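All values below come from the heavy atoms of this structure, side chains included, with hydrogens, waters and symmetry mates left out. No experiment lies behind these values; they were computed from the predicted model shown.
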Amino acid sequence: MSRMKTLYLKFLTGYLIFGILGFIFVSTFTFRGLRAQVEKKEAQDLYIECTEIASNYASDYYNGGMEISELSEHLATVGSYLNTRIQVITSSGRLLVDSAQADVFENEITVNDFNISDFGDSYYRISDFYHMFSAQRLTVYAPVTIHYKVRGYVLIHKPVSDINDFSNQLLNISYITLLFLFLLAFIILLMFSLLVYRPLRRISAVADAYIDGDFSQKINIRSNDEIGHLAAAFDYMANELNTLEDDQRKFVSNVSHDFRSPLTSIKGYVEAILDGTIPYEMQNKYLDIILFETERLNKLTSGLLELNKYGSHGKTILDISDFDVNFIIRKTALTFEGICKEKNISIELVLSGEELFVTADMAKIQQVIYNLTDNAIKFSPPGSSIKIETTEKYERVFVSVKDAGIGIPKDSLKKIWERFYKTDLSRGKDKRGTGLGLSIVKEIIQAHNENINVISTEGVGTEFIFTLSLAKEKRGLYR
């Protein structure tokens, strides 16, 4: 949990750093940029006014069309309107008119060290204008040209404090904008807390429970995004881990059952041969059955690792060949002869032709027939019959295993293919299996790209029908 707190602290720290850096940026870079833009814009506007005065009022004065007193009055009016100080100065630096001093033209006032070249290539500069002002001023000039000769200059002075005040007003707007951005970022932080941090904290807490071995907890986050996908993956993983031990136990039990059946058959026949129950002249027949079961045990042993690959988590490896499915059915039926005698159950074989060749994995199809037959015997009452039938149609072989047993309830028909599923134990006396047999049967048939179906009626019986591909070399023999 401390890791998650650290993550949240990092985001909170980032939020605060964003606010501090935003303030620093606005108060420095933004202010300088605004100040420069305001200064440039103000200088451009004053230059237009300055040029207008130079080309009209000042030119009229130099051309004799206006008295200096009239010029002084005009400049005083314009200066008051623009909140500036307007002067007309000669090239030598003598003041002719000053909007702030109506009688300056009556006095001989000279601006010491005046030199228009001090402006350089620009039409404005910021200074105290040769110590004339106590504070910095933005000074704009425009020449007064008469007959292509510069006779003087019009100067407009504006306090820099006015420019700074306007820049500060714009800066305050920037600060307000920054404040809104800061509030917006806070809302985003809250959304992050609700939509990201809390789900991650929940996932972290459940993951700690998984570390402690408690897989019962669920994250229960339903969102159509990466976090929802992560939560669903965690829930699925927990469910898989929670059932893993039980699955392993059931798997071992199922494998034990698959070994126990042939071993019991072999043991029974060997004991019968040794104690003389089976006469000498029939021993070869039952020794052949023992050999058949021994070979099946060997194949079961080789297929244990492959069995674990069945289903959606692995790929079933098939050893495809052509073989006589009728022969496999006969051999498989013989292995149940002993238990059928005990339960007084008969197996009826209705096979299409003496031989019927199919293309499939012989060992796995043998396992399918064995599991279906074993399942039919378990649920068949004494004195009943089990019918195994093969038919050939549309280049397919249909194999049917039908019993006259107790049947399967309707609500269980869709579940019988699930791994380890077993119907109500009260419905049968001989349910030694673990519920894995039918799921293996379906997975083997699906691995062959074939189909298997079940038809069942309670109290009447159950029939399993699956298809196999007719061997290509033999198809012409059955048409």
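- Between Phe182 and Gly19, the shortest heavy-atom distance links the atoms CE1-CA, 3.3 Å.
- Contact of the Ile369 side chain with the Phe466 side chain is registered, since non-hydrogen atoms from C-beta on lie closer than 4.5 Å.
- Taken from CD in Gln446 to CG in Asn451, the straight-line distance is 8.5 Å, to the nearest 0.5 Å.
- Separating the CD1 atom in Ile452 from the CG atom in Leu438 is a distance of 7.5 Å, to the nearest 0.5 Å.
- Look at Glu450 and Arg396 and you find a salt bridge, because one of the NZ, NE, NH1 or NH2 atoms lies within 4.0 Å of a carboxylate O, short of that distance.
- The salt bridge (charged side-chain N to carboxylate O under 4.0 Å, His left out) analysis of residues 379-390, with sequence neighbours excluded, yields the pairs Lys387-Glu389.
- Using a 4.5 Å cut-off on side-chain heavy atoms (C-beta onward), Ile320 and His448 make contact.
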Show the numbers, then the answer: is there a side-chain contact (heavy atoms from CB on, under 4.5 Å) between Glu293 and Thr335?
CA-CA 8 Å; Glu293 290 287 358; Thr335 63; 2.6 Å; yes
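- Glu392 and Ser352 form no side-chain donor-acceptor contact under 3.5 Å, judged by distance and modelled atom types alone.
- Note that the OG1 atom of Thr467 and the CG atom of Asn453 stand 8.5 Å from one another [nearest 0.5 Å].
- Considering only heavy atoms from C-beta on, Phe357 stays 4.5 Å or farther from Leu470 through its side chain.
- Closest approach of Ala447 and Leu318 over heavy atoms only: O-CD1, 3.3 Å.
- Side chain of Ser456 to main chain of Ile408: a donor-acceptor pair is present (N/O by atom type, distance under 3.5 Å, no hydrogens or angles).
- Between the side chain of Thr30 and the backbone N or O of Ser27, no donor-acceptor pair lies under 3.5 Å.
- Residue Lys402 qualifies as open at atom NZ: its count of foreign heavy atoms under 6.0 Å is 12 or below.
- The nearest pair of heavy atoms linking Ser380 to Asp403 is OG-CB, 3.4 Å.
- Across Leu468 and Ile365, no two heavy atoms sit closer than the pair CD2-CD1, 3.5 Å.
- A side-chain donor-acceptor contact under 3.5 Å links Asn172 to the backbone of Asn168.
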Just do the side-chain contact (heavy atoms from CB on, under 4.5 Å) check on Phe323 and Gln366 with the steps written out, would you?
CA-CA 11 Å; Phe323 62 92; Gln366 176 186 327; over 6 Å; no
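- Within the structure, the salt bridge (charged side-chain N to carboxylate O under 4.0 Å, His left out) test picks out the following pairs touching residues 35-44 (sequence neighbours left out): Arg35-Glu39, Lys41-Asp45, Glu42-Lys158.
- The OH atom of Tyr370 sits 12.0 Å away from atom CG of Asn375, with the distance rounded to the nearest 0.5 Å.
- Here CG of Leu334 is found 8.5 Å from OH of Tyr286. Values are rounded to the nearest 0.5 Å.
- For the residue pair Asp322/Thr359, the side-chain donor-acceptor check at 3.5 Å is satisfied.
- Atom CD of Glu354 has 12 or fewer heavy atoms from other residues, nucleotides or ligands within 6.0 Å.
- Under the side chain to side chain donor-acceptor pair (under 3.5 Å) criterion, Asn326 pairs with Thr390, sequence neighbours left out.
- Between Ile455 and Phe464, the closest side-chain pair of non-hydrogen atoms is not below 4.5 Å.
- With a 4.5 Å cut-off on side-chain heavy atoms, Ile273 and Leu287 count as touching.
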side-chain contact (heavy atoms from CB on, under 4.5 Å) for Glu337 and Tyr269? Distances and angles first, verdict last.
CA-CA 11 Å; Glu337 185 175 318; Tyr269 287 130; 3.7 Å; yes
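- Shown here are the side chain to side chain contact (heavy atoms under 4.5 Å, CB included) partners of Leu184, two or more places apart in sequence or in another chain: Ile188.
- The shortest side-chain heavy-atom distance between Ile377 and Lys343 falls under the 4.5 Å cut-off.
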Can Ser346 and Ile386 be said to form a side-chain contact (heavy atoms from CB on, under 4.5 Å), step by step?
CA-CA 6 Å; Ser346 62; Ile386 296 172; over 6 Å; no
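- With sequence neighbours left out, Leu349 forms a side chain to side chain contact (heavy atoms under 4.5 Å, CB included) with Ile329, Arg330, Ala333, Ile347, Leu351, Ile388.
- Leu46 is not listed as a side-chain neighbour of Tyr124, based on a closest heavy-atom distance of 4.5 Å or more.
- Between Glu463 and Val454 the shortest side-chain heavy-atom distance does not fall below 4.5 Å.
- The main-chain N or O of Asp319 is found under 3.5 Å from a side-chain atom of Asp361 such that the two form a donor-acceptor pair.
- Applying the side chain to side chain contact (heavy atoms under 4.5 Å, CB included) criterion to Pro381, with sequence neighbours excluded, gives Ser384.
- The neighbour count for Phe119 CZ, taken as heavy atoms of other residues, nucleotides or ligands under 6.0 Å away, is above 12.
- Under the 3.5 Å distance criterion, the side-chain polar atoms of Asp324 are matched with a main-chain donor or acceptor of Leu356.
- Between atom CZ of residue Phe31 and atom CG of residue Leu170 there is a gap of 10.0 Å, rounded to the nearest 0.5 Å.
- When all heavy atoms of Ser122 and Tyr141 are compared, the closest pair comes out as O-CE2, 3.7 Å.
- Heavy-atom minimum distance, Phe398 versus Lys393: CE1-O, 3.7 Å.
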